[in-house]
Structure formats: C-alpha cells, structure tokens
Amino acid sequence: MLKVGVLALQGSVSEHIDMLSGINNVLPVKVKTIEQINEVDALILPGGESTTMGKLLVAFNLLDSLKKRIIDGMPVWGTCAGMILLSNKLLPKTHTHLAVMDICVRRNAYGSQAASFETTAIIPSISSDPIPLTFIRAPYIESVGKQVEILCRVDNNIVAARENNMLATSFHPEVTNNDSVHRYFVGMIENII
Amino acid sequence: MGNRFKLNKNLAQMFKGGVIMDVVNAEEAKIAEEAGAIAVMALERVPSDIRRDGGVARMSDPKMIKEIIEAVSIPVMAKVRIGHIVEAQVIQSLGVDFIDESEVLTPADEMYHIEKRQFDIPFVCGAKNLGEALRRIAEGASMMRTKGEAGTGNVVEAVRHMRTINSEMRKLQSAPKEELMTYAKEMMAPFDLVEYVAKHGKLPVVNFAAGGIATPADAALMMQLGCDGVFVGSGIFKSNNPAKRAKAIVKAVTFHNDPKIIAEVSEGLGEAMRGIEISKVETEFAKRGW
C-alpha cells in the first residue's frame, strides 16, 4: 500500500483525498506535521493560496524537513499553489518557498477570477485521451531548467512539467472527475520508490 | 453559465481551511496578506463601525477597491447591498474576484436578491438556515457563509446558524424520499437542491463561518462545527494588535483540532474587540434578506 499524503494546511485537500481514494493500492492521508510528512511515501501540495501555505510552512517549521525529503527523492506533485511552492523562481519577483524545482513561475498569470477557464488537452505522457484542465486564477511556467521535461502547453504557455521526482501542474485535476493525472502520479511513485 | 458556475465554485474550494479578512484600505490589506489571509474583503467601514455610526452603508469607493487589488496578490472580495444589481456590475467591472451580497450593508431591495447567474464572477451570500442557503445557491451563489451577527464580536449567532444548517441537513439525510418534497415546501427551497443535500449530506458549495468571530478559539469552534473556513470582520482590526491576532486566527483555523496550538497562539494577544450581547443589538443584520 502506498501512503500518499496531501499537505493539509489549506486548500483543495479533500478533493485530492477523494481522487486518491479511487485508486487501488493507495492510502491517502492528510498531513500537517513533521511526523506525518516523514511517514508518507509521496506528497501532493494542493491548490489554495500559496502565500498562506508558505507562511504556515514557515510558522510551523515544516519547510526545511519537507524540502529535505523532496531533495532526498520523495515524489511530490504541486497543483496551482503547490506548483508555486515548488518553484525556484517567481514572477513578479517575490521570495520563493521550497525552491526545489527548476521552473520559473508567473503567479496569477491569467488575471483575476473573471479570466479563470476550463479547456481540454491530450498530454501524451499522461493519457492518450483528452483530459479536462481547470485553471483557477492560475500560474503558468515561463521557463524551465535543463533537467525539466515539459508535459503540456496551453496557448504556448507551459502548464505541466516534471523534473525527476517532482511534478507540477498549473491546473486542478482534483476538481474534475478525471483521475488520469492522479494515476500518472501514482505510477511515478511506483517507479521511484 | 454552467461553466462559469463550476469555475466559480472551484475558486471557493481553493479558499477552504483559510481566513478571509475585512479590510478598509490597502494598508490593512497588506497586513492581512502578510498574516496569511487567503483573501481580503474590501469594505468602506467594518461592521462594528457601521453599527456605531449608523446611516446607510453602501458599496466601497472604487478607488479604494482598486488600490487594494494593486496592493495584494491574494483574491479580493467586495461587498454589495442585497439586491443592488448595479453595485454588483460596478464591482465586477473593477476586476474583483468575488462579490459578497451582504446583509451588513443596508439592503437596496427588500423583496429580491440579485440574480447571480447573470454575472461572470462568483458571489458569496449569508444564511441563517438551510432553506435560505439553498435559495441563494439556486440564484447562483458559488459560496455560502453563516450570517452570524456581524460587528458584535459575539459568536453565538454564527453558532446558531451553523448548528441549524447542520441539523436540517441531517434531517434531510435520514428522511425517506417521499418526505423530501414536503421538506422542500416547508423550507422554501428548490427540490433538486433538497435532493442533493439528502444524498450528499452537505451543501453543493463551500460554506464558511461569518459574523461575530473575534478570537482564535471562536474560529476553531466554527471549524469544529463543520465550516470550511472563516470570515473575520471587525474582530481583527478592532482589536489592539491586528497583525498578531490575524496570524493567530489563521493558525487556529488550520489546527482547529489541536487545543495545544490554539492555546499557544491565543497567548498574549492583547484585548479582543469589546463585543456586545445580542439582546442589546439595535439592528440585527441577520434579519435582512430572506
């Protein structure tokens, strides 16, 4: 049984837990302490507010332990705010959080809620069928480092990428009824650990 | 409309487990963001000042709202009067992320709430009971909150509203199907939404606590009662150390089941807003709207 954590400081936590519950051989757990972080095989950083989650990671001394686990190879997936937490460069320029993934992320890249949108795309490494992509006040990736594989672009902007044990998506698979990306992440975990 | 409503409900989902703070200028908005608020609510006066000063409370100055949007990267909400279609159009045109059709402002229409499905951006509305919540959702609200009694610093009404909604949801969940239409009639709620609640045991949108929350323990109480997050109005900027209290409330919401953390963050916060007993309240905001 794979123990897959969802960082439960704030945001779309129960949505990720529900998606993971439908996958065989996965035990989804909410995590918000160092002990819990150290017990999981992999971790999802959910959607929500990156500034809020970033501050709580610091206030409760979770940042360093989490960063260490990711650097040591724990599989991690950030959706939207989670992608911002992973990124090592943010635009407009502001301080980074975990800074473990070599991607430059533009926060709130599409504008206010009126610009939030839904589309579909085929992401070959994830699924041969089109999957729904939901963007909510979303960021996108402006540029990536050499080790980073670009998984998906929408309107020429990078919206999904992978660097070894790290996966980042601008969109929110957890609010759709399609679990392809969750299954891809579980596959990633199985290959890594 | 279908697509917008879904995207708007999704934004509210991203707020879960967070605190939304009332602010009256860009400076307060920055303090709120720095404290870890997931969004700020722009308004002209906090509810306790509206109570004290009286008069008609309206939508805020667009200039102030624009300054707040400029000042922070987190979502910005703004209040409009119940039924004031044009205030809502104006707020939407400013690039605000979420509209609160709020009983805290003086209602513009005593009969009709805004038809919220006409708008691209989401609305949050207050409710005292399940029927009221389902009526607002049917009008297109993407998020609900308890009405509580804003500006009192007294959590008792928010507790009453949340407990009422919970107990009405439990009643629907355990009712045989043939009784649901009668419940829909009694609570004046659309049948399809009554059926939804009977099946799922929860509202189809995110539900926050609001109205009278003044301390970290108040916020954690509302979370333990099943709210998805918390609005704090006068409670923060009417206390004597807003930044510290705001941070403490954010932490208490995330760790609402951990009394040790709530104790720790409640230490030395200074004086909370003074607060008033509900029986001494002259205008009950919660009675506005239906």
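Throughout, protein chains are lettered first and strands after them, A, B, ... in sequence-line order, and every chain is numbered starting at 1.
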Quiz item: Who wins among A:Ala81, A:Cys80, A:Gly47, A:Ser116 for the most heavy-atom pairs under 4.5 Å with chain B?
Solution: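 Winner by heavy-atom pair count: A:Ser116.
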
Practice problem: Give the member of A:Pro46, A:Ser50, A:Gly48 that has the highest number of heavy-atom pairs under 4.5 Å with chain B. | Solution: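 Option with the top pair count is A:Gly48.
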
How long is the gap from [atom1] on [X] to [atom2] on [Y], to the nearest 0.5 Å?
X	Y	atom1	atom2	value
A:Gln113	B:Leu11	CD	CG	4.0 Å
B:Ile38	A:Thr51	CD1	OG1	9.5 Å
B:Leu7	A:Ile136	CG	CD1	5.0 Å
B:Asp228	A:Ser14	CG	OG	7.5 Å
B:Phe15	A:Glu49	CZ	CD	7.5 Å
B:Asn10	A:Ser12	CG	OG	9.5 Å

Quiz prompt | Derivation of the side-chain contact (heavy atoms from CB on, under 4.5 Å) call for A:Val175 and B:Met14 | solution = CA-CA 10 Å; A:Val175 301; B:Met14 299 308 143; 3.8 Å; yes

Hey, are the side chains of [X] and [Y] touching, using non-hydrogen atoms and a 4.5 Å cut-off?
X	Y	value
A:Glu174	B:Gln13	no
B:Lys16	A:Glu15	yes
A:Leu56	B:Lys251	yes
A:Glu118	B:Lys6	yes
B:Pro75	A:Arg137	yes

Which atoms of [X] come close to chain A, meaning under 4.5 Å heavy atom to heavy atom: side chain ones, backbone ones, both, or neither?
X	result
B:Ile261	side chain
B:Glu34	both
B:Ala37	backbone
B:Asn8	both

Give a yes or no on whether the backbone of [Y] and the side-chain of [X] come within a donor-acceptor separation of less than 3.5 Å.
X	Y	result
A:Thr52	B:Gly36	yes
A:Lys32	B:Thr254	yes
B:Asp120	A:Ala114	no

